[in-house]
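Everything on this sheet refers to the single structure shown next.
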2 protein chains.
Amino acid sequence: MPYSPLLTRLIDALRCMPGVGQKSAQRIAFHLLERDRAGASSLSSALADAVAGIGHCERCRMLTEDRICSICAAQGRDDGQLCAVESPADVMALEEATGYRGCYFVLMGHLSPLDGIGPEELGLEILERRLSEGEINELIIATNPTVEGDATAHYLADLAGRHGVQASRIAHGVPLGGELEYVDGGTLSHAFYGRRAVEQG
Amino acid sequence: MPYSPLLTRLIDALRCMPGVGQKSAQRIAFHLLERDRAGASSLSSALADAVAGIGHCERCRMLTEDRICSICAAQGRDDGQLCAVESPADVMALEEATGYRGCYFVLMGHLSPLDGIGPEELGLEILERRLSEGEINELIIATNPTVEGDATAHYLADLAGRHGVQASRIAHGVPLGGELEYVDGGTLSHAFYGRRAVEQG
């Protein structure tokens with residue numbers, strides 16, 4: 001005897017979230033229907049509005065409903081420095097922990113050929129165009145210190161080299177195998193200012 | 001520099017789910033917007049439809065969009081047996097594991113005075129009405145073997161007694177496939193003093 005059709009559909013739909021399996025989906029569905037219907041309604045409309053409204057910043061690929069994100073549009077930031085990160089959360093972490101006043105480029109992932117994520121999926125043609133325009137002096141590579149993040153970092157450094165742009169990478173004060181958004185601010189700040197020039201073939 | 005308003009709203013809204021904090025909410029939001037917008041749209045409409053359509057079965061409080069749930073409406077189930085459980089998931093687990101052909105009563109929680117969950121929140125006035133109608137011979141109490149579940153079980157047994165209905169509780173003991181030395185002391189003690197004579201010859 002299965003759940004009613006609407007309840008089954010809700011439980012299935014909840015499983016689109018990462019880390020949510022059948023049991024968690026049931027638990028979430030029962031909680032929302034039994035104890036927080038207002039929250040469920042807000043979530044429903046927030047999801048619909050986000051899917052309809054949120055796209056990528058044309059300059060840096062940050063998730064935003066505007067054509068240009070608030071950081072790219074801000075007055076007084078240094079257009080000569082560009083910091084490449086994997087996720088919007090990394091931008092927030094760097095903004096909170098460091099006094100960096102340059103711009104960002106959000107890859108929205110890392111190179112992962114086995115998952116079908118190549119340079120195009122990371123919007124590297126946009127990055128290449130910006131590098132070729134000659135405005136950028138330094139590409140600060142702040143991908144995660146993981147295998148895929150390292151591979152992405154090498155790819156980015158080569159790309160910068162081809163356009164005569166100095167590439168640097170945030171220092172390995174960040175613990176290996178960790179993820180940027182979970183590192184404490186002090187370590188992150190240390191790593192950021194301890195960045196070193198990358199040797200370019 | 002915070003996230004854009006729509007993205008901030010989505011991340012806040014995701015936190016209405018149990019076990020989802022700020023970091024998980026960010027991760028879910030980025031995943032849905034970057035890799036599964038179709039899933040996010042389905043989830044949005046499933047949530048809206050569920051909130052609008054799903055209520056409680058009038059007889060057993062199961063979550064359903066119908067007035068009477070499919071189990072209560074089924075032909076050929078025994079109206080004389082009523083099994084009280086804490087959650088819809090417990091109904092599914094019992095339906096899969098046992099050949100029980102009676103009916104259920106879904107408490108949607110357990111007594112927890114500190115959280116403001118008393119008899120009314122569990123719909124016990126509906127249960128009391130059904131017990132008083134004289135159709136039920138046995139109330140099988142299958143609340144969880146936790147402190148709150150035990151307290152709820154005692155309350156339900158008293159309620160049944162007041163209406164002259166026999167109450168029983170599912171057995172607690174060593175789980176099948178478990179090893180004695182790894183079972184906790186409370187369970188082992190329960191199993192030991194709840195031992196039953198073995199049929200011989």
Side-chain angles (χ1 to χ4, degrees), chain A residues 1-7 9-20 23-24 26-54 62-66 69-71 74 87-89 91-92 95-96 108-109 181-182, chain B residues 1-7 9-20 23-24 26-56 62-66 69-71 74 87-89 91-92 95-96 108-109:
Chain A
M1 194 68 70
Y3 295 117
S4 72
L6 267 187
L7 187 53
R9 191 179 131 216
L10 175 59
I11 292 170
D12 287 347
L14 285 164
R15 296 185 59 183
C16 72
M17 296 187 292
V20 175
K23 295 272 183 197
S24 313
Q26 285 180 16
R27 189 173 289 259
I28 292 169
F30 301 152
H31 173 87
L32 292 178
L33 288 171
E34 198 56 29
R35 312 242 175 272
D36 195 6
R37 286 181 177 237
S41 295
S42 311
L43 178 54
S44 170
S45 69
L47 277 166
D49 293 350
V51 168
I54 295 181
M62 181 73 173
L63 288 170
T64 176
E65 60 266 33
D66 302 316
C69 77
S70 56
I71 292 182
S87 128
V91 173
M92 295 303 133
E95 285 289 290
E96 276 174 27
M108 301 302 303
E181 66 174 294
Y182 294 105
Chain B
M1 194 71 68
Y3 295 118
S4 73
L6 267 187
L7 187 53
R9 191 179 130 214
L10 175 59
I11 292 170
D12 287 348
L14 284 165
R15 295 186 59 182
C16 72
M17 297 187 291
V20 175
K23 295 275 184 192
S24 311
Q26 286 180 16
R27 190 172 286 261
I28 293 169
F30 301 152
H31 173 87
L32 292 179
L33 289 171
E34 197 57 27
R35 312 240 175 272
D36 194 6
R37 285 180 178 238
S41 295
S42 311
L43 178 54
S44 169
S45 68
L47 278 165
D49 293 350
V51 167
I54 295 180
H56 294 111
M62 181 72 175
L63 288 170
T64 176
E65 60 266 34
D66 302 317
C69 76
S70 56
I71 292 182
S87 127
V91 173
M92 296 301 133
E95 285 289 289
E96 276 175 29
M108 302 301 305

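Just the heavy atoms: all of them, side chains too, but no hydrogens, waters or symmetry mates, feed the values below. Within every chain, numbering begins at 1; the chains are lettered A, B, ... in the order of the sequence lines, protein sequences first and strands thereafter.
Here B:Ala50 is the residue among B:Ser42, B:Ala50, B:Gly55 with the most heavy-atom pairs under 4.5 Å with chain A. Annotation: maximal heavy-atom pairing with chain B below 4.5 Å, among A:Ser44, A:Ala13, A:Ala38, occurs at A:Ser44. Among A:Leu7, A:Val91, A:Ile54, the residue with the largest count of heavy-atom pairs under 4.5 Å with chain B is A:Ile54. Of all the listed residues (A:Cys69, A:Gly109, A:Ala48), the one sharing the greatest number of non-hydrogen pairs under 4.5 Å with chain B is A:Ala48. The most heavy-atom pairs under 4.5 Å with chain A, out of B:Asp12, B:Val20, B:Leu63, come from B:Leu63. Highest contact tally toward chain B, considering only A:Cys16, A:Gly39, A:Gly53, is held by A:Cys16 [criterion: heavy-atom pairs under 4.5 Å].
With a threshold of 4.5 angstrom between heavy atoms, B:Leu32 approaches chain A through side-chain atoms but not through N, CA, C or O. Of the two parts of B:Asp49, the backbone and the side chain both hold a non-hydrogen atom closer than 4.5 Å to a non-hydrogen atom of chain A. Heavy atoms closer than 4.5 Å to chain A are found in the side chain of B:Arg35, but not in its backbone. For B:Ser87, the part lying near chain A is the side chain, with the backbone staying farther off; criterion is any non-hydrogen pair under 4.5 Å. Of the atoms belonging to A:Glu65, heavy atoms from both backbone and side chain fall under 4.5 Å from chain B. For A:Glu181, the parts lying near chain B are the backbone and the side chain together; criterion is any non-hydrogen pair under 4.5 Å.
Counting heavy atoms from C-beta on, the side chains of A:Ser4 and B:Met62 never come closer than 4.5 Å.
Annotation for A:Phe30 and B:Pro88: closest pair CZ-CB, 3.5 Å, computed over non-hydrogen atoms. Nearest heavy-atom pair across A:Gly19 and A:Ser24 is O-OG, 4.5 Å. When all heavy atoms are compared, the tightest approach of B:Pro2 to A:Ser70 is O-OG, 4.4 Å.
With sequence neighbours left out, B:Val51 forms a side chain to side chain contact (heavy atoms under 4.5 Å, CB included) with A:Arg37, A:Ala40, A:Ser41.
With values rounded to the nearest 0.5 angstrom, B:Leu6 atom CG is found 11.0 Å from B:Ile11 atom CD1.
B:Gln26 and B:His31 are not linked by any side-chain donor-acceptor pair at a separation below 3.5 angstrom, with hydrogens and angles left out of the test.
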message: If you apply the rule side-chain contact (heavy atoms from CB on, under 4.5 Å), what do you find for B:Asp36 with A:Met17, and how did you get there?
response: CA-CA 9 Å; B:Asp36 194 6; A:Met17 296 187 292; over 6 Å; no
